[in-house]
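Just so we're on the same page: letters track the sequence lines, and every chain starts at 1.
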Amino acid sequence: MKIATWNINGVRARLDNLVAWLKESSPDIVGLQEIKTVDEGFPRAEIEALGYHVETHGQKGFNGVALLSKIRPDEVNRGLPGGDGDEQSRFMEGVFSVKGGVIRFCCLYLPNGNPPDDPVKYPYKLSWMDRLAAFAEDRLALEEPLILAGDYNVIPEPHDCWDVKAWEKDALYLPPTRQAFRRLENLGFTDAVRASTDAAPLYTFWDYQAGCWPKNNGIRIDHLMLSAEASDRLVSTGIEKHVRNWEKPSDHVPVVAVLDFAAV
DNA sequence: ATGGTCGTGGTACGA
């Protein structure tokens, strides 16, 4: 079972890349972030033609997440609990049958939070992270393999960015952000990529501006967080960096993991 | 030269 997360930065602008990548990588379950379209605008037919089931949680112009899967989910839930009046489409959950049980795969697009002195944006990020931790704690009680996959907009550690000086005052790196991320680790979630390699640095995002990609000025903000029941089955991970060299790339690349689960 | 780019929707904003 191969799982993946990818902030695609506009699914309609990225359709050719998405199709090419699905054909090449052939993941079983994919969480997409920043589809930047309403549900009706998602290029559903093109993805279904590749044998994928498509579930979306869209929004006009911004945000939006989707779940693509070779197997049909038994259950899909949209929206992160606890956000009374939160209109932003940033979270969805799918439950999939596998041999011997289920896996629960959540696709999340965590708020950016910049600028940190804005009266709304950084508090929204931190409260969203609180809601995510509460959700995670609730789901952990099910004792299922649980994957929290997505664009966290969190640089977990100093070696996850090309220059700490450039990021230390940023909402992606400020101490409260990293503390909130560590709460997930302390609940028992494993950062799959970090757990399966000693290599550093590892990046998943390179800004379009300032020649960040050719200079390898990247950050690692897209994560696959695994509950104990999932990390027990972790085989390998990868950051599909070559996709950043394709024409009209997203500024993020796919992050994948292979887990030792078999289809029903 | 001290910025530099995208996508979306509509000529601003978020990242």
Worksheet item: Can you tell me how far P in B/dT2 sits from the matching atom in B/dC13, rounded to whole Å?
Response: 24 Å
Response to the item:
Here the distance between atom C1' of B/dG9 and atom NZ of A/K60, to the nearest Å, is 7 Å
Discussion item. Nearest whole Å is fine: how far is B/dA15 P from A/K36 NZ?
Written reply: 9 Å
Worksheet, complete the sentence: Picking from B/dG9, B/dG14, B/dA15, the nucleotide nearest the side-chain atoms of A/E34 would be B/dA15
Worksheet item: Between A/E247 (CD) and B/dC6 (C1'), how many Å, whole number?
Response: 15 Å
Fill in: Interatomic distance, A/R90 CZ vs B/dG14 C1' [rounded to whole Å]
10 Å
Worksheet entry | Rounded distance (Å) that lies between atom P of B/dC6 and atom CZ of A/F205 | 12 Å
Item to complete: Provide the full list of ring pair (Phe, Tyr, Trp, His ring centres under 6.0 Å) pairs with a residue in residues 15-36 of chain A, sequence neighbours left out, each pair given once.
Response: A/W6-A/W21
Response to the item:
By ring pair (Phe, Tyr, Trp, His ring centres under 6.0 Å), A/F91 pairs with (sequence neighbours left out) A/F135
Worksheet item: So does A/R104 pair up with A/E93, basic N to acidic O under 4.0 Å?
Response: yes
Worksheet entry | Closest-nucleotide 5' rank along DNA chain B - winner of A/P249 and A/K121 | A/P249
Fill in: Contacts of type salt bridge (charged side-chain N to carboxylate O under 4.0 Å, His left out), residue A/D130, not counting sequence neighbours
A/R183
Worksheet item: Looking across every strand, which nucleic acid part, if any, lies under 4.0 Å from A/Y109 by heavy atom: base, sugar-phosphate, or nothing?
Response: sugar-phosphate
Item to complete: With a 4.0 Å heavy-atom cut-off, tell me which residues in residues 206-223 of chain A come close to DNA chain B, sorted by residue number.
Response: A/Y208, A/Q209, A/A210
Practice prompt. Using the P atoms only, state how far B/dA1 lies from B/dA12, rounded to an integer number of Å.
Written response: 29 Å
Worksheet entry | Between B/dT11 and B/dT5 - P atom distance, rounded Å | 22 Å
Item to complete: Specify the separation, in whole Å, of atom CG of A/N9 and atom P of B/dA15.
Response: 11 Å
Practice prompt. Kindly state which residues belonging to residues 149-164 of chain A come within less than 4.0 angstrom of DNA chain B, counting heavy atoms of the residue only, listed by number.
Written response: none
Worksheet item: Within the distance-only criterion (no hydrogens, no angle test), does the side chain of A/Q33 pair as donor or acceptor with the backbone N or O of A/N7 below 3.5 angstrom?
Response: yes
Worksheet entry | Closest-nucleotide 5' rank along DNA chain B - winner of A/H252 and A/Q59 | A/Q59
Worksheet item: Are the charged groups of A/R44 and A/D39 less than 4.0 angstrom apart, N to O?
Response: no
Response to the item:
Between CG of A/N114 and C1' of B/dC13 the distance, given in whole Å, is 14 Å
Discussion item. Do A/R220 and A/Y203 form a cation-pi contact, if we require the NZ or CZ to be under 6.0 Å from the six-membered ring centre and within 45 degrees of the ring's axis?
Written reply: no
Worksheet item: Counting distance only, does the side-chain N/O of A/K215 pair as donor-acceptor with the main-chain N or O of A/A210 below 3.5 Å?
Response: yes
Practice prompt. For nucleotides B/dG14 and B/dG9, find the distance between their P atoms and express it as a whole number of Å.
Written response: 15 Å
Discussion item. Minimum heavy-atom separation for A/C107 and A/L32, please, with both atom names.
Written reply: SG-O, 3.3 Å
Worksheet item: Which residues in residues 13-22 of chain A have at least one heavy atom lying under 4.0 Å from any atom of DNA chain B?
Response: A/A13, A/R14
Worksheet entry | A/M92 to A/V76 - nearest heavy-atom pair and separation | CE-CG1, 3.9 Å
Worksheet entry | Integer-rounded Å distance: B/dG14 P and A/I8 CD1 | 23 Å
Discussion item. Of the listed nucleotides (B/dA15, B/dT8, B/dG14), which one gets closest to any side-chain atom of A/R12?
Written reply: B/dT8
Item to complete: For the pair A/N216 and A/W206, evaluate side chain to side chain donor-acceptor pair (under 3.5 Å) and give the outcome as yes or no after the intermediate values.
Response: CA-CA 7 Å; A/N216 196 30; A/W206 296 260; 3.0 Å; yes
Worksheet item: Charged N to carboxylate O below 4.0 Å: is that the case for A/E157 and A/R178?
Response: yes
